[in-house]
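Okay, structure first, notes after.
All heavy atoms count here, side chains included; hydrogens, waters and symmetry mates do not. In this chain, residues are counted from 1 in sequence order. Quick caveat: nothing in here was measured; it's all calculated off a predicted structure.
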Amino acid sequence: KSVGTTNYYCPLDKVAKSIAFLLEIGWQVRDWRGNRILLQTHMDLRSESKTDLIVIKGKVHYGEFEANLSDIVGAFNRRERFAEIAPGQVALLPASWEQNGMDSLVEEGEIIGDGLCLKKNRIGSLASLFEAHPKIQLDQDLKQLTQRIDSFEGVQAKEPGSGFLGSLRPYQQEGLSWLSFLHDFGFHGVLADDMGLGKTVQVIAFLSTLKIESPV
C-alpha cells in the first residue's frame, strides 16, 4: 500500500501472522471481497469412546460465530489459512494447533463425520489436549480410562487361571501379563514372538484367566 511517499509491504508468508496481530490489538480486518476476518476465541470440546477409537467433537468459536471442529481441521489439513464460516465471515486458521493442545490429534487423527478419531491406544498423545482444555467433556468410559492411566505404575504380573495345565517360561509369563494389561485397558495389540517361542501357549494361558459366562 502506498501512502504519500511511503510504501507498506507484507510478504505473502507473513500475511496470516500480521492479520492475527492486528485482530488481537482490536483492529477490524476485511478481505478483498469485503468479508470480515475473525480470530478464534475458544473451543467447546467433547469426547466419546468407541470399541477401539477415541472421537473428539465440538465447536470452534469465533466471537458470535461457530464452526464444527472437523470442518476447521479439514480446511487446515488442506493447507488453507482462511475458512468461510458464515456469509460475510471468514475464520483465520492457526498456523499450528500446538497452542490448543491439539497438534497430535490433528496430525494423527482421521476426520470421520463431524469428529476426529484416534486409536484408543494413542490416548497418551492427547495429554496436552486434556491439559489445555480441562473442561472437555469425557464420556464415562474415557473418564475411567484416563483415571486408570494417571495411576498406572506398569504392567502387573498375571498368573494363569486354575484350569491352565503347564508352566510358563519367564518371557512367556511376560507375554501373559502384557495380554492381560491390554485386555484390562481395552487396548488392541499383536503378540509377535518368533516361531517356536510359545505364542499359542501364551494365548491359552491368557484365555484361562478370563471368566467365561456359561450359556443359559
Side-chain angles (χ1 to χ4, degrees), residues 1-50 53-120 122-140 142-143 146:
K1 179 180 179 181
S2 298
V3 179
T5 58
T6 302
N7 295 319
Y8 294 89
Y9 168 74
C10 179
L12 188 60
D13 62 340
K14 303 295 184 183
V15 168
K17 183 177 181 179
S18 300
I19 291 176
F21 170 74
L22 294 174
L23 293 173
E24 288 171 356
I25 63 175
W27 282 44
Q28 185 177 117
V29 181
R30 296 182 181 273
D31 66 14
W32 65 277
R33 295 175 300 178
N35 296 319
R36 184 180 178 185
I37 301 177
L38 304 174
L39 197 63
Q40 177 185 314
T41 52
H42 66 284
M43 292 191 292
D44 291 326
L45 302 178
R46 67 184 188 278
S47 69
E48 56 188 57
S49 56
K50 304 294 185 181
L53 293 175
I54 297 173
V55 183
I56 305 294
K57 299 181 180 181
K59 300 289 186 180
V60 184
H61 294 265
Y62 296 85
E64 60 187 293
F65 301 95
E66 63 181 31
N68 284 330
L69 173 65
S70 57
D71 293 335
I72 296 300
V73 172
F76 175 84
N77 289 343
R78 295 191 296 271
R79 300 184 181 278
E80 300 173 4
R81 291 302 306 274
F82 303 93
E84 185 174 353
I85 58 175
Q89 312 296 325
V90 173
L92 174 61
L93 276 58
S96 76
W97 291 89
E98 184 176 0
Q99 185 176 359
N100 294 300
M102 293 187 57
D103 46 330
S104 294
L105 178 63
V106 172
E107 290 174 8
E108 301 181 33
E110 179 181 1
I111 298 175
I112 300 178
D114 60 348
L116 272 72
C117 301
L118 189 73
K119 290 291 186 182
K120 188 178 290 186
R122 294 292 298 150
I123 188 173
S125 65
L126 299 182
S128 57
L129 173 65
F130 295 149
E131 182 177 350
H133 301 274
K135 295 183 179 180
I136 185 172
Q137 300 177 30
L138 305 180
D139 67 8
Q140 191 61 32
L142 197 53
K143 187 179 298 184
T146 56

For the CG atom of Leu142 and the NZ atom of Lys50, what is their distance to the nearest 0.5 Å?
12.0 Å

Holding to salt bridge (Lys or Arg N to Asp or Glu O under 4.0 Å), I want the full list of residues that pass it with Lys119, two or more places apart in sequence or in another chain.
Asp52

Check whether Arg36 reaches the backbone of Arg30 with its side chain - one donor and one acceptor, N or O, closer than 3.5 Å.
no

Measuring from atom CD of Glu64 to atom CG of Leu38, what distance do you get when rounded to the nearest 0.5 angstrom?
8.5 Å

For Cys117 and Val55, work out which heavy atoms get closest and say how close.
SG-CG2, 3.8 Å

Tightest non-hydrogen contact, residues Val106 and Leu116, listed as CA-CD2, 4.4 Å

List in chain and number order the residues that pass salt bridge (Lys or Arg N to Asp or Glu O under 4.0 Å) with Asp114, two or more places apart in sequence or in another chain; answer none if no residue qualifies.
Lys57

Supply the atom-to-atom distance Tyr62 OH to Leu93 CG, rounded to the nearest 0.5 angstrom.
5.0 Å

Can you give me the closest heavy-atom contact between Asp103 and Ser128, atom names plus distance?
OD1-OG, 3.9 Å

Relative to the ring of His61, is the ring of His42 parallel (under 30°), tilted (30 to 60°) or perpendicular (over 60°)?
parallel

Nearest-0.5 Å distance that lies between atom CG in Asp44 and atom CD in Gln137:
8.0 Å

Quick one: does Asn68's side chain have a donor or acceptor within less than 3.5 Å of a partner on Ser70's backbone?
no

For the CD atom on Glu84, are there more than 12 heavy atoms of other groups (residues, nucleotides or ligands in this structure) within a distance under 6.0 Å?
yes

Does Asn35 form a side chain to side chain contact (heavy atoms under 4.5 Å, CB included) with Phe82? I'd like the steps, not just the answer.
CA-CA 11 Å; Asn35 296 319; Phe82 303 93; over 6 Å; no

Write down the atom of Leu105, the atom of Leu129, and the distance for their closest heavy-atom approach.
CD2-CD2, 4.2 Å

Can you list the steps and then say if Ile56 with Leu118 is a side chain to side chain contact (heavy atoms under 4.5 Å, CB included)?
CA-CA 8 Å; Ile56 305 294; Leu118 189 73; over 6 Å; no

Check: Asp139 side chain, Ser49 main-chain N or O, donor-acceptor pair, under 3.5 Å
yes

For Leu92 and Ile37 the tightest heavy-atom approach is CB-CG2, 4.0 Å

Value for CD1 (Ile72) from CD (Glu66), rounded to nearest 0.5 Å, stands at 11.0 Å

Going through the distances and angles, do Gln40 and Asn100 end up as a side chain to side chain contact (heavy atoms under 4.5 Å, CB included)?
CA-CA 11 Å; Gln40 177 185 314; Asn100 294 300; 3.3 Å; yes

Taking the side chain as everything from C-beta on, heavy atoms only, tell me whether Gln99 gets closer than 4.5 Å to Pro94.
no

Taking atom CG of Leu126 and atom CD of Glu131, what is their separation to the nearest 0.5 Å?
12.5 Å

Heavy-atom closest pair (Phe65 atom, Ile85 atom, distance to 0.1 Å) is CB-CD1, 3.8 Å

